[in-house]
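Only this structure's heavy atoms are used, side chains among them; waters, hydrogens and symmetry mates stay out. Note that the structure is a prediction, hence the values are computed from the model and not measured.
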Amino acid sequence: MRQALPKEPNILEVEKKWQSKWEELGTYRFDWNDLERPVFSIDTPPPYTSGEFHIGLVLNWTYFDVVARYKRMRGYNVHFPQGWDCHGLPIEVVVEKANKIKKTDVPPDQFRKLCMQLVEKNIEGMKKSIMRLGCSIDWSTEYRTMNPDYWRRTQLSYILLYNKGFIYRGKHPVNWCPRCETAIADAEVEYDTRNAELHYIKFKLEEGGFLEIATTRPELIPACVTVAVNPNDERYAKYVGKSVQVPTTDRMVKVIADEMVDPKFGTGVVMICTYGDKADVKTVIKHDLPVIMCIDEKGRMTKDAGKYAGMKSEEAKKAMLADLKGQGLVDKAEPLTQEVSLCWRCRTPIEILEREQWFMKTRIFTDDVEKNALEITWYPDYMKHRLIDWAKSLEWDWVISRQRVFATPIPIWYCNNCNEIILAKPEWVPIDPRTEKPKVDKCPKCGFRDFRPERDVLDTWFDSSITCAVHAGWPDKKDWHRLFPASMHPSGVDIIRTWAYYLMVRHLALFNEKPYQSCLINGMVLGTDGREMHKHLGNYVASLEVMSKYGADATRQWATAGGATGSDIPFRWPDVEYGWRFLIKLWNASRFVNDLIADFEMNDKSEHALQPLDKWILSKVERLTKKVTDALERCQFNIAIEETRNFAWHVFCDCYIEAVKDRLYKPEHYSEEKRKAAQYTLYTVLYRILQLLAPITPHVTEEIYQIMYVNDKGCKSINLSPWPTPDEKLIDEEIEKHGDLIVALINEIRREKSEKHMPLNAPVKRLKTYAGSKDFAKIIAEGKEDICGTCKIEDFEVVPKKGDGREVANYGDVHFVIEC
Ligand SMILES: [Zn+2]
Ligand SMILES: [Zn+2]
């Protein structure tokens with residue numbers, strides 16, 4: 001006797017039960033000792049420990065958890081690690097606020113401790129969410145980038161790259177956030193349009209008269225190093241080489257010609273300041289111009305700004321304009337919408353400052369990045385261009401140093417006598433130069449015994465861009481290449497330029513190998529109103545709210561069904577509710593099947609007396625298996641879930657189960673063999689549906705499996721059961737066509753009954769069907785038993801001709817007449 005399925009499933013409890021059982025049983029552990037099965041390794045991006053596992057991450061994690069589960073069922077030994085990306089500004093900012101301190105108010109190790117406490121608290125909540133989503137992670141792999149063991153790897157990678165000549169220290173313009181007081185990389189700069197004013201300002205020509213320039217940033221005038229015009233601009237050709245006076249200063253600068261000046265912008269004369277934007281940087285390098293820094297690291301004017309020194313740049317702008325007006329040098333101002341560069345963390349407009357920084361050579365790898373990006377499989381394919389275009393657009397190398405505290409330290413000291421750089425040896429790391437001395441007695445160059453530490457720290461991306469190697473076991477496991485390159489790197493569309501890119505250049509530079517074989521991209525989750533999701537727009541939904549209401553399996557259905565992989569999808573409560581209702585439907589159907597097959601012997605190997613409708617659904621389920629397998633191979637999750645749900649709900653529940661009920665209830669009217677055939681079919685098709693759903697709805701399918709199938713099938717979890725190979729022999733187009741017709745007829749009769757307000761089980765005295773052709777008549781006659789049984793028809797007649805009566809939907813030649 002089979003166990004019964006409870007009438008009311010408590011889905012939320014079922015999910016929690018399996019989440020702890022799977023963990024207890026180690027269902028998803030990677031088996032390091034298994035050398036038989038092929039390996040599939042997922043480069044789980046360690047999420048930033050902001051404290052919130054938001055709905056966008058739910059989409060991300062659902063995608064690759066589906067892949068992990070599918071691959072396990074395909075027979076792979078799946079490596080699915082989980083780490084936490086801990087370092088960085090946002091954590092520092094929260095700590096500063098909460099403790100009412102600035103990073104420099106306490107010793108670095110104390111500040112660090114406060115940050116670590118916050119990170120631990122944040123991880124706790126995020127981990128709960130990932131577990132609540134039912135991700136099949138191997139939690140024995142859990143790591144934190146702030147821990148010494150990970151520092152060691154990050155610092156070792158720094159040492160290796162340094163020794164290969166890919167890291168250098170240099171004075172170079174960098175993007176600078178004056179609020180965060182740190183350098184930031186190109187990838188951390190965001191763009192937005194803002195309203196600005198274009199001021200027309202007169203520069204005095206040495207020989208008399210004026211040259212008028214247009215600028216949105218008059219406060220940078222003290223840093224003006226030249227004035228430029230386009231060489232083809234006839235209006236100004238005569239001024240090239242002449243000198244103009246920089247207003248408010250006594251400096252004279254020469255007018256130069258440069259093609260990059262747009263004669264149509266403003267007056268066609270531009271001032272070049274160090275630095276207003278990246279174009280200024282190019283011009284300064286090209287013409288070998290001096291650099292004057294008039295803005296400092298806090299965004300205030302320096303002493304080079306003369307009387308404006310100490311002012312914030314906005315104040316300086318006002319003061320400068322007032323002074324210029326006083327001198328009659330301002331002509332007019334025009335409104336202008338302008339693209340501005342913002343810090344991605346705090347959205348403060350960035351400045352371009354020149355400061356000693358550490359850089360990694362990245363642009364030398366651009367051709368290599370492109371070559372590898374083309375070799376990799378992208379889901380969806382067009383996303384590869386995002387990586388290639390980004391790599392090609394980069395104008396500067398990656399600035400990897402940051403002027404912060406909570407980060408991996410740069411393993412460098414300087415000799416206090418000759419400034420020689422002392423790089424840590426691989427065996428010294430992890431090490432913090434801010435609190436530890438180098439393990440040498442004296443400077444190798446001059447013999448001096450006093451050193452000072454590098455106080456700058458590493459960009460957080462420098463930690464997280466070596467995960468493919470770290471997950472594989474580098475540098476400790478000798479056979480780390482077993483898991484490298486990772487089979488799949490999953491990422492959000494918005495971080496291709498950071499995560500996918502940095503992983504690529506870092507691993508190419510370190511190992512001369514690509515880090516991942518495929519890249520799975522998810523789009524953004526939009527708010528309930530279709531706009532970008534933001535707390536202040538009122539369209540924000542917390543992932544835990546969704547999961548506590550409808551559970552993981554319904555949430556995962558929303559995520560997978562929401563849209564094509566890579567596209568943005570809106571969050572919609574009705575989609576989650578639909579997923580929930582589907583689970584209830586699946587449960588009820590399973591309970592019904594379970595009752596009907598109570599006496600069915602699964603191991604009965606005798607041939608089943610399969611009826612047309614049995615063969616029909618057995619063929620259809622093979623076709624479905626083919627479609628779903630194909631969809632999952634291509635990471636088309638929406639197709640996999642939609643096809644399976646439609647089949648389960650409409651083909652299996654609405655058509656097949658309804659059509660065989662009578663056969664199961666009244667074997668005396670049919671035969672015991674035909675009843676068994678229906679039992680066999682129900683048992684087989686339901687199991688297949690559960691298997692196809694398992695990667696997407698792992699909890700409910702597991703619960704049904706454990707009650708109905710585990711003893712027969714022998715796998716300890718449906719999530720480890722072998723993925724069904726579609727049996728092409730069972731796919732029969734003819735049989736499907738026949739079954740479709742029988743089902744269409746049954747459905748039409750049921751509709752007729754319901755329109756006549758007859759109960760569905762009310763007897764029909766007589767049914768006369770005009771099949772329209774001999775072929776159709778034969779098919780309908782073959783289905784007679786199931787048609788009559790389902791519709792309670794007492795007298796059944798099929799005529800192979802056209803005739804009057806109710807038309808069967810989609811079969812224009814088939815009509816019938818009912819006599820009650
Ligand atoms: Zn900032
Ligand atoms: Zn020295």
Side-chain angles (χ1 to χ4, degrees), residues 2-6 9-29 31 37 40 62 65-78 80 131 133-138 551-557 560 579 582-594 597 600 602-603 621-622 624-625 628-629 631-632 637 640-641 643-645 647-648 652 682-726:
R2 277 163 214 285
Q3 214 185 317
L5 254 76
N10 189 335
I11 292 178
L12 300 182
E13 284 310 309
V14 161
E15 291 187 351
K16 281 182 194 151
K17 177 182 83 181
W18 282 108
Q19 282 159 13
S20 50
K21 270 207 171 174
W22 287 329
E23 194 47 34
E24 213 175 283
L25 299 169
T27 307
Y28 305 122
R29 292 277 184 276
D31 188 349
R37 282 181 298 162
F40 190 87
T62 300
D65 184 54
V66 170
V67 174
R69 290 176 177 279
Y70 168 68
K71 291 290 176 184
R72 248 180 239 112
M73 291 176 79
R74 292 297 309 240
Y76 286 87
N77 190 5
V78 173
F80 188 176
M131 291 182 131
L133 186 60
C135 294
S136 58
I137 284 158
D138 178 350
D553 282 356
T555 307
R556 294 165 65 102
Q557 286 178 70
T560 46
F582 172 71
L583 296 173
I584 304 286
K585 180 85 188 174
L586 179 70
W587 183 273
N588 289 338
S590 304
R591 200 167 65 86
F592 186 72
V593 169
N594 198 36
I597 63 167
F600 175 66
M602 139 81 185
N603 294 323
V621 83
E622 293 302 334
L624 170 74
T625 307
V628 173
T629 307
L632 289 178
F637 311 111
I641 183 66
E643 289 283 343
T644 315
R645 281 201 302 207
F647 179 88
F652 185 61
L682 286 171
Y683 179 90
T684 307
V685 174
L686 176 61
Y687 180 57
R688 183 67 58 86
I689 290 170
L690 295 176
Q691 281 200 299
L692 298 182
L693 284 171
I696 294 169
T697 59
H699 307 84
V700 170
T701 50
E702 181 79 297
E703 180 73 0
I704 298 171
Y705 172 83
Q706 296 290 338
I707 294 174
M708 290 181 65
Y709 291 97
V710 73
N711 291 332
D712 299 338
K713 302 290 179 188
C715 263
K716 70 173 177 179
S717 162
I718 191 168
N719 293 288
L720 301 178
S721 67
W723 186 258
T725 332

Atom pair [atom1] ([X]) and [atom2] ([Y]), whose distance is rounded to the nearest 0.5 Å:
X: Ile696; Y: Asp553; atom1: CD1; atom2: CG; result: 10.0 Å
X: Leu693; Y: Phe647; atom1: CG; atom2: CZ; result: 11.0 Å
X: Lys21; Y: Trp18; atom1: NZ; atom2: CH2; result: 4.5 Å
X: Thr701; Y: Gln706; atom1: OG1; atom2: CD; result: 10.0 Å
X: Leu5; Y: Ile704; atom1: CG; atom2: CD1; result: 6.0 Å
X: Leu624; Y: Glu643; atom1: CG; atom2: CD; result: 6.5 Å

>> Please determine whether side chain to side chain contact (heavy atoms under 4.5 Å, CB included) holds for the pair Met708 and Val593, giving the CA-CA distance in whole Å, both sets of side-chain angles, and the decisive distance to 0.1 Å.
In response: CA-CA 10 Å; Met708 290 181 65; Val593 169; 4.2 Å; yes
Can you name the closest pair of heavy atoms from [X] and [Y] and give their distance?
X: Gly579; Y: Ala554; value: C-CB, 4.0 Å
X: Val621; Y: Arg688; value: CG2-CG, 3.6 Å
X: Ala631; Y: Ala640; value: CB-N, 3.9 Å
X: Ala694; Y: Met73; value: CB-SD, 4.2 Å
X: Pro695; Y: Leu632; value: CG-CD1, 4.5 Å
X: Gln3; Y: Asn594; value: O-ND2, 2.8 Å

> Parallel, tilted or perpendicular: which fits the ring planes of Trp22 and Tyr28, with parallel below 30° and perpendicular above 60°?
Replying inline: perpendicular
Side-chain contact, heavy-atom cut-off 4.5 Å: [X] with [Y]?
X: Leu133; Y: Arg556; answer: yes
X: Leu690; Y: Tyr709; answer: yes
X: Ser717; Y: Pro698; answer: no
X: Lys16; Y: His699; answer: no
X: Arg72; Y: Asn719; answer: no
X: Thr62; Y: Thr560; answer: yes
X: Glu703; Y: Pro9; answer: no
X: Gln557; Y: Thr697; answer: yes

>> Given the ring of Tyr705, does Lys713 sit roughly above its face, with NZ or CZ under 6.0 Å from the centre of the six-membered ring and within 45° of the axis?
In response: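 Not flagged: Lys713 not positioned over aromatic ring of Tyr705.
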Can you give the donor-acceptor pairs under 3.5 Å from side chains of residues 582-591 to other protein atoms, not counting sequence neighbours?
unit_1	atom_1	unit_2	atom_2	d
Trp587	NE1	Pro6	O	2.8
Asn588	ND2	Ile584	O	3.4
Ser590	OG	Leu586	O	2.7

> Yes or no on side chain to side chain contact (heavy atoms under 4.5 Å, CB included) for Leu682 and Phe600, after CA distance, side-chain angles and deciding distance?
Replying inline: CA-CA 11 Å; Leu682 286 171; Phe600 175 66; over 6 Å; no
> Quick one: do Lys17 and Glu24 make a salt bridge, cutoff under 4.0 Å?
Replying inline: no
> Are the side chain of Glu15 and the backbone N or O of Ala552 linked by a donor-acceptor pair below 3.5 Å?
Replying inline: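 Flag set: sc Glu15 to bb Ala552 pair under 3.5 Å.
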> Looking at residues at least two apart in the chain, or sitting in another chain, which of them share a salt bridge (Lys or Arg N to Asp or Glu O under 4.0 Å) with Glu702?
Replying inline: none
> Quick check: are there more than 12 heavy atoms from other residues, nucleotides or ligands sitting under 6.0 Å from CZ of Phe592?
Replying inline: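 Yes - once you tally the heavy atoms of other residues, nucleotides and ligands closer than 6.0 Å, there are more than 12.
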> For Trp723 and Gln691, what are the C-alpha separation, side-chain angles and deciding distance, and is it a side chain to side chain donor-acceptor pair (under 3.5 Å)?
Replying inline: CA-CA 7 Å; Trp723 186 258; Gln691 281 200 299; over 6 Å; no
>> Pair Glu23, Arg29 - check salt bridge (charged side-chain N to carboxylate O under 4.0 Å, His left out), show working.
In response: CA-CA 9 Å; Glu23 194 47 34; Arg29 292 277 184 276; 3.1 Å; yes
>> Taking the ring of Phe80 and the ring of Phe40, is the distance between their centroids below 6.0 Å?
In response: no
